[in-house]
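Both ligands and their constituent atoms are indexed starting at 1 by order of listing. Both backbone and side-chain heavy atoms feed into the values below; hydrogens, waters and symmetry mates do not.
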Amino acid sequence: MPHTVVIFGASGDLTSRKLIPALYELFRKKRLPEGTRIVGFSRTPFEHDAWRAKLAESTAGFVGKAFDPERWSQFASCVFYHRGDIENPADFEGLRAFLDQLEVDSAAPTTRVFYLSTAPSFYESAIERLGAAGLAEESRGPVRLVIEKPFGTDLSTARNLNAFVHRVFREEQVYRIDHYLGKETVQNLLVLRFANAIFEPIWNRNYIDHVQITAAEEVAVGRRAAYYDSVGILRDMFQNHLLQLATLTAMEVPARAEADSIRDEKVKVLRAIRPLTREQVFSDTIRGQYRKYRDEPGVPPNSETATYGVVKLHVDNWRWQGVPFILRSGKAMSCRTTQIVIQFRQVPHMMFEGGPRLAFQSNRLVIQVQPAEGIQLHFYTKVPDQGMKMRMTDLSFTFRDRFQSTMPEAYQRLLLDVMQGDASLFARADEVELAWSIVDPIQAAWENPGWPPLALYEAGGWGPPSAVEWMCKQNREWFDLCPILE
Ligand code: BG6
């Protein structure tokens with residue numbers, strides 16, 4: 001079936017950095033459905049060719065060696081531009097006429113995908129006008145709506161946005177993006193857990209001490225500071241990416257590998273997460289800010305916005321009772337690494353004298369989400385010729401060593417799934433709302449100065465020193481290791 005993908009916010013950064021390169025890559029790999037057309041919609045005036053030329057330049061920069069001018073020109077012949085203003089209903093009538101004209105030759109029904117890659121303040125206008133222009137109707141073929149993050153800024157705005165979306169689109173037509181779900185290593189969590197029998201028996205409170213999920217970034221907020229200051233780390237990273245990683249780690253096996261079975265299981269985890277009381281926000285979270293943050297252009301000199309956060313969560317079900325999920329993220333950290341550490345318990349009785357006795361000195365399964373995508377299992381080995389001296393060693397798997405192909409950008413998989421109508425890797429309405437309901441009480445408490453105190457940290461390290469003390473008090477330790485990249 002032919003597809004038409006309409007991108008609102010076509011002159012924006014996301015379009016040139018991620019969406020067009022991903023669509024081009026799909027085309028180059030012959031995965032883009034036959035007859036796919038891409039239409040950019042934005043206020044900036046462009047002729048089709050001028051937009052194509054601009055995209056050629058940016059795409060060549062982003063895909064590097066994969067850019068083949070001949071393949072690009074074939075791809076570019078399916079790329080169009082339609083000038084329009086999201087606030088102007090007449091421009092949507094114009095868009096409808098343009099699409100009808102574009103699709104006039106296709107005998108088969110066409111799937112239309114409307115991708116909202118605009119600032120969130122335009123989502124409602126775009127949705128309303130799509131509805132008013134009859135563009136949400138499915139008389140000619142399926143119609144799908146893709147919404148970028150952030151989906152709301154708290155529970156109430158997310159609920160309102162969901163209600164607004166549902167006035168025009170059915171839930172099955174809606175694809176809420178969390179680009180972490182498009183990452184190969186995140187999808188591999190499902191394969192690791194549910195295509196291998198050996199992990200399931202130990203994937204629970206009997207064997208696991210805690211789960212530590214880190215998304216550290218080396219970059220500071222830089223040019224995005226003015227936007228970032230109103231958002232902060234909880235809304236930017238926890239509500240979406242970190243909670244997604246936590247639910248995929250904690251969920252039960254779905255009955256089938258299909259969208260609603262998977263999302264039902266994820267939703268059950270989110271429901272089981274114990275909301276933090278005000279006191280627990282004080283004791284079980286850490287908020288930090290890197291020292292130079294207030295000097296970033298656009299940041300108020302007294303800003304209390306957190307650029308680092310730790311949140312300890314409990315999942316109230318049989319599998320996870322008593323096993324904390326410790327989530328952590330920060331900007332301006334030592335290196336870029338996203339990892340899930342399954343920290344196993346100590347042996348019930350350590351018979352070797354001088355052997356490790358602390359929980360954090362025991363087995364670990366380290367799932368490297370990025371950038372050194374892979375998995376390591378840490379375990380003790382006898383050091384040869386040194387009595388019964390032991391050392392932690394590891395079995396290591398990396399995607400790079402094992403597979404020739406490079407890891408595709410998350411947006412390739414996500415865009416293809418939207419076209420194929422598979423919503424497994426997209427957040428459902430209830431999922432997004434539940435995630436906000438976990439983050440909201442923490443964010444509300446953090447708005448009060450000193451609750452908990454804002455801990456300053458040096459850029460280029462692993463966050464505030466108080467985070468180390470906090471872990472130490474629990475007899476636990478951070479797994480702070482920068483991945484080795486060849
Ligand atoms: C985005 C956040 O959602 O994710 C950014 O808004 C963050 O602040 C980015 O840098 C991280 O994504 P990735 O794929 O680089 O880990």
Ring centres of Phe344 and His378 under 6.0 Å apart? no
Where do Phe92 and Phe41 land on the ring-ring contact (aromatic ring centres under 6.0 Å, His included) test, with the steps shown first? CA-CA 10 Å; Phe92 282 73; Phe41 180 104; 5.4 Å; yes
Check whether Tyr180 forms a cation-pi arrangement with Lys183 (NZ or CZ under 6.0 Å from the six-membered ring centre, at most 45° off the ring normal). yes
Please work out which of the three classes, parallel, tilted or perpendicular, describes the rings of Tyr24 and Trp72, given edges at 30° and 60°. tilted
Can you see whether Phe80 has Arg52 sitting over its ring - NZ or CZ less than 6.0 Å from the centre and within 45° of the normal? yes
Please round to the nearest 0.5 Å and tell me the distance separating atom CG of Leu327 and atom CG of Leu243. 6.0 Å
Select all protein residues for which some heavy-atom-to-ligand 1 distance is less than 4.0 Å, and list them by chain and number. Lys149, His179, Tyr180, Lys183, Glu217, Arg224, Asp236, Met237, His241, Lys331, Arg336, Gln370
